[in-house]
Amino acid sequence: LQNGESRPFSVMQVIDDTGMLLSHRLRLSQCSLIVSCATPNPILSGDPGKLGQVFTNLIVNAIDAYQGYKDGGGEIFVHVSEGNGMLEIRVRDHGSGIPQEHIGRIFDEFFSTKPLGEGTGLGLSIARDIVMNFFGGSLSVSSQPGRGSEFCLRIPQENPVATNQTAKAPRPIHAPGNRVGATDSPASERR
């Protein structure tokens with residue numbers, strides 16, 4: 001399986017893998033990841049690695065929301081449900097929250113609420129772009145300073161992006177480290 005290849009995958013497996021990947025960081029920050037699912041083994045179609053990147057960005061931000069707040073540590077909730085052909089994934093914390101004046105810019109590239117040198121301002125921008133461009137979904141946020149934040153992913157279970165891209169490579173995300181314009185030609189053209 002090549003990176004970027006679209007295939008059916010278990011959403012819960014991607015969440016579990018992300019939790020394992022971040023287990024050391026969760027433990028060091030005294031945070032607990034609590035996962036619940038209202039549907040048996042929800043399946044999406046697309047690149048599971050891309051969705052894992054979204055979960056990683058959202059969970060790391062939730063961990064950071066607890067740092068230096070309420071003695072550090074706390075619970076991060078991930079809840080998965082489905083209905084009307086959509087999968088809804090909510091990632092919620094009870095950390096510091098996002099000031100209202102920043103909510104409108106939270107998904108802007110290079111915008112960060114973290115102190116200078118602690119964040120690139122790319123995590124939420126990349127997460128939103130992946131959800132939109134690779135899964136045909138949306139990513140929204142609600143937050144109250146001092147009470148926490150909740151990010152909501154709404155992804156169609158029949159992925160229109162994956163369906164349209166079966167004959168071509170996925171559209172790249174423009175972010176540092178990603179090479180744009182590099183393509184592999186089919187084997188028949190490389191002779």
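The model shown is predicted, which means the values in this text are computed figures rather than measured ones.
Considering only residues two or more places apart in sequence or on other chains, T18 meets the side-chain hydrogen bond (donor to acceptor under 3.5 Å, both in side chains) condition with none of them. Partners of F9 according to the ring-ring contact (aromatic ring centres under 6.0 Å, His included) rule, which considers only residues two or more places apart in sequence or in another chain, do not exist here. Taking the side-chain contact (heavy atoms from CB on, under 4.5 Å) definition, one finds that N41 meets it with S10, I43, sequence neighbours left out. Scored by the side-chain contact (heavy atoms from CB on, under 4.5 Å) test, S96 finds A65, Y69 as partners (sequence neighbours excluded). In this structure E82 satisfies the side-chain hydrogen bond (donor to acceptor under 3.5 Å, both in side chains) test together with T39, Q157, sequence neighbours excluded. Under the side-chain hydrogen bond (donor to acceptor under 3.5 Å, both in side chains) criterion, Q13 pairs with D17, not counting sequence neighbours. For R154, the side-chain hydrogen bond (donor to acceptor under 3.5 Å, both in side chains) partners are E88, not counting sequence neighbours.
Put simply, CZ on R7 and CG on L44 are 11.5 Å apart, with the number rounded to the nearest 0.5 Å. One distance of note links OG of S143 with CZ of R92; it measures 12.5 Å at 0.5 Å rounding. Residue E150 holds its CD atom at 8.5 Å from OG of S140, rounded to the nearest 0.5 Å. Atom-to-atom distance recorded for Q67:CD and S29:OG is 5.5 Å, nearest 0.5 angstrom. Considering CG of L22 and OG1 of T56, their distance stands at 5.0 Å, rounded to 0.5 Å. Taken to the nearest 0.5 Å, the CD atom of E75 stands 13.0 Å off from the CD atom of Q30.
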Could you go through the side chain to side chain contact (heavy atoms under 4.5 Å, CB included) check for I155 and M86 one step at a time? CA-CA 5 Å; I155 300 174; M86 298 293 280; 5.9 Å; no

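When all heavy atoms of P42 and M12 are compared, the pair lying nearest together is CD-CG, 3.8 Å. Among all heavy-atom pairs drawn from P99 and G97, the shortest one is CD-O, 4.0 Å. The two residues F151 and I98 make their nearest non-hydrogen contact at CZ-CD1, 4.2 Å. The minimum heavy-atom distance between G73 and C31, with the atom names listed, is CA-SG, 4.1 Å. Taking both residues in full, the closest heavy atoms of I15 and F55 are given as CG1-CE1, 3.4 Å, listed atom of the first, atom of the second, then distance.
Between L153 and L51, some side-chain heavy-atom pair lies under the 4.5 Å cut-off. A 4.5 Å side-chain heavy-atom check between E158 and S45 finds every atom pair outside the cut-off.
Residues V35 and L26 share a single hydrophobic cluster, defined by chaining ILVMFWY side chains whose heavy atoms lie under 4.5 Å apart. Residues I76 and L28 do not share a hydrophobic cluster, clusters being chains of Ile/Leu/Val/Met/Phe/Trp/Tyr side chains in contact below 4.5 Å.
Applying the salt bridge (Lys or Arg N to Asp or Glu O under 4.0 Å) definition to pairs two or more places apart or across chains, those involving residues 22-31 are R25-D64.
Clustering of Ile, Leu, Val, Met, Phe, Trp and Tyr by side-chain heavy atoms under 4.5 Å joins I34 with F77. Summarising the hydrophobic clusters (Ile, Leu, Val, Met, Phe, Trp, Tyr; side-chain heavy atoms under 4.5 Å, direct or chained), the residues clustered with M20 are none.
Each of I89, L124, V78, V141 was evaluated against L58; a single residue qualifies, L124, per the side chain to side chain contact (heavy atoms under 4.5 Å, CB included) test.
The backbone N or O of D93 sits nowhere less than 3.5 Å from a side-chain atom of Y66 that would complete a donor-acceptor pair.
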